[in-house]
Amino acid sequence: DKPFLELRADGLIISTPTGSTAYNLSAGGPVVTPDVKAVILTPICPHSMNARPIVLAAATKLTVRAQCSNPSRCDGVYLTMDGTLGLPVSPNDTLYVTDQCPLTARLIMLDGDGYETLRDKLRKNL
């Protein structure tokens, strides 16, 4: 019920540890293991060096509003969920992020501890 963050950025990724991991990581977000119950906020191309990803408890209720400094130019704001076609968002629209789905995803690791791929990909970028 209190303002938490005002962010100037090209967008905002709201994800869970098992959702949007690659996209979140490419935007500078953290790697969060699937056993952590969390919601991750990652700014996309923030207009400030102080904007950082934030990891919150999964039970956190979020209210997100798109605000434009010039409302006449606010026609390029879209809500996209899991890569679906974007829905236009107007400056007066409010997005409520409340509870995670009660269903859980079962992940099957065929070999090793599941971190080999991550280690290999991170080493390639050093």
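Atoms considered below: every heavy atom in the structure, side chains included; atoms not considered: hydrogens, waters and symmetry mates.
In this structure the side chain of I44 never reaches within 4.5 angstrom of the side chain of L12, judged on heavy atoms. Using a 4.5 Å heavy-atom cutoff, the side chains of I13 and L41 are not in contact. Considering only heavy atoms from C-beta on, T94 comes within 4.5 Å of T63 through its side chain. Looking at P30 and N24, their side chains come closer than 4.5 Å, going by heavy atoms from C-beta outward. For the pair V89/Y78, no side-chain contact is recorded, criterion being any heavy-atom separation below 4.5 Å from C-beta on.
Separation of atoms OH (Y96) and CG (L62) is listed at 12.0 Å; rounding is to 0.5 Å. Taken to the nearest 0.5 Å, the CG atom of L25 stands 11.0 Å off from the CD1 atom of I40. Put simply, CG on L87 and OG1 on T80 are 7.5 Å apart, with the number rounded to the nearest 0.5 Å. Between atom NZ of residue K61 and atom OG1 of residue T98 there is a gap of 6.5 Å, rounded to the nearest 0.5 Å.
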I'd like a table of donor-acceptor pairs (distance under 3.5 Å, sequence neighbours excluded) in which one partner is a side-chain atom from residues 45-59, with atom names and distances.
unit_1: H47; atom_1: NE2; unit_2: D10; atom_2: OD1; d: 3.0
unit_1: S48; atom_1: OG; unit_2: N50; atom_2: N; d: 3.1
unit_1: R52; atom_1: NH1; unit_2: M49; atom_2: O; d: 3.1
unit_1: R52; atom_1: NH2; unit_2: M49; atom_2: O; d: 3.1

